[in-house]
Amino acid sequence: NSNQNTHTTMTTISQTLQSVSKISDSKQRLSQFVELLDSIIKSQKEDDLMEFVKYVVDNSDSVVGRPCIQHLSKDISKLDNDKMKISVIPRIVRKLEENATFEGESGSLREQLAQLYVDEGEFIEAAETLKGISLKENYYSINDKCRILVRVAQLYLEEEDASRAFPAISEASHDIDECTDHNTKIRYYVARANIHDFQREFLHAARSYHLLSHQVMETEQAPILNSAMVTAMLAPAGPARYRILTNLYKDERCQNSVLFPILERMYFGVILREREVKQLSAELQEHQKVNVDRAVREHNILSASKLYNNITFEEFGKILGTSKDEAEDIARTMIAEGRMDGHIDQVEGLLTFQVEGESLQTWDDMIENICRNVETVSEEIAKKHPELVVQ
């Protein structure tokens, strides 16, 4: 019986569509199509809705077809439950994409479907749905194109899938300078920094986060600055990292962070001990934790280069908390990559450092910092005990 009822309903819909299509006046014909569509949506019958879409896409002219589908894309939200929407919208989209006339309406439905997936926590499905939108300029402005591409990247990043987020951000980068939507631009810079972060390109991430911190409201700066400090400390030790550490150390906004004391020790080239390493690790995300040992060892090697002219790898391994062979491997890599000046005597098992410019600059900075701290303390003493101030 249910099959008979379904067949009867389908036949009725089909007959009604054919009848309406014969109306000669285009305005009246459109009005009747829309009225029929409203009744189908009200009935909540998915198969009837698909019968309507198929007929309109295959048979109607542009005067009636596009307005009907535009009306559908706005009224699809009137379906009672999300489960039905998630079932029927992909079917509608597939049918619409058989005809290039409906690319704009297909994109609108894809955006609605993506939001339904987000509400269900299906971020990858949402990203894949949005990625299917044809972002042609005749349908989408530069602002909308950038908005959708950045949203695709954000959704992949929800699952920490930076490799699939990257192409969307890369495509958005071609138009982002012309985008006039401030919120889209901010989300673009956040996604770009996150991609660098997840791909363990920590030096690029630190620069991106620090740049971003100057573009957001003051109330939003603290977590972004924290990310800049974390990624700077995890970046490969060497002159490039020292430059970003310098920028962050001299940025007064960083001084209230719990990470600042560790950043300060790294900036001044002080060897990090187990206590500081644990403090740093406590502030890291899961994907960052696997890099902390490497980052700390490389930092400590550069720090040691400011204290020693040369050192045996056996002693060096004790300082780094590792074997002499691993200490030698780390040192060799850093020298080969130009991140440390020195040479290795394998016969003697000896590492000789050659560090000049950076260590002198660091020494000058340390003296400047001590003088500044002494001056601050003197001022505080003078405020509390003015009788001690010599007139």
- For Ile195, which fellow cluster members are found when Ile, Leu, Val, Met, Phe, Trp and Tyr are connected by side-chain heavy-atom distances below 4.5 angstrom, either directly or through intermediates? Val150, Leu157, Phe166, Ile169, Ile176, Ile186, Tyr188, Tyr189, Val190, Phe198, Tyr209, Leu212, Val216, Ile224
- Salt-bridged, Asp181 to Arg147, with N to O below 4.0 Å? no
- Task: Could you please spell out the steps behind the side chain to side chain contact (heavy atoms under 4.5 Å, CB included) verdict for Leu350 and Ile311?
- Result: CA-CA 6 Å; Leu350 193 68; Ile311 188 172; 5.7 Å; no
- Message: Please give the remaining members of the hydrophobic cluster of Leu225, linking ILVMFWY side chains under 4.5 Å, ordered by chain and number.
- Response: none
- Query: Phe260 vs Tyr249 aromatic rings, parallel, tilted or perpendicular, using cut-offs 30° and 60°?
  - Reply: parallel
- Task: Could you name each residue pair satisfying side chain to side chain donor-acceptor pair (under 3.5 Å) that touches residues 226-237, not counting sequence neighbours?
- Result: Asn226-Ser257
- Query: So which pairs with a foot in residues 162-171 pass side chain to side chain donor-acceptor pair (under 3.5 Å), sequence neighbours left out?
  - Reply: Glu128-Arg164, Asp161-Ser163, Asp161-Arg164
Under 3.5 Å donor-acceptor pairs involving side-chain atoms of residues 317-324, not counting sequence neighbours:
residue: Thr322; atom: OG1; partner: Glu326; partner atom: OE1; Å: 2.6
residue: Ser323; atom: OG; partner: Glu326; partner atom: N; Å: 3.1

- Message: Taking salt bridge (charged side-chain N to carboxylate O under 4.0 Å, His left out) as the definition, give me every residue that meets it alongside Lys22, ordered by chain and number, with sequence neighbours left out.
- Response: none
- Message: Checking Arg94 now: which residues fulfil salt bridge (charged side-chain N to carboxylate O under 4.0 Å, His left out) with it, not counting sequence neighbours?
- Response: none
- salt bridge (charged side-chain N to carboxylate O under 4.0 Å, His left out) contacts in which one or both residues fall within residues 282-296, not counting sequence neighbours: Glu286-Lys289, Arg294-Glu298
- Item | Electrostatic pair Arg253-Asp251, nearest N-O below 4.0 angstrom | yes
- Query: Is there a donor-acceptor contact under 3.5 Å from the side chain of Asp82 to the main chain of Leu116?
  - Reply: no
- Item | Leu211: hydrophobic cluster co-members (side-chain, 4.5 Å) | none
- Query: Among pairs that include at least one residue of residues 224-243, which meet salt bridge (charged side-chain N to carboxylate O under 4.0 Å, His left out), considering only residues two or more places apart or in two chains?
  - Reply: none
- For residues 64-80, the salt bridge (charged side-chain N to carboxylate O under 4.0 Å, His left out) pairs (sequence neighbours left out) are Arg66-Glu105, Asp75-Lys78
- Query: Can you list every pair that meets salt bridge (charged side-chain N to carboxylate O under 4.0 Å, His left out) and has a residue in residues 207-236, with sequence neighbours left out?
  - Reply: none
- Could you tell me whether a side-chain N or O of Glu276 sits under 3.5 Å from a main-chain N or O of Arg273, the two making a donor and an acceptor? yes
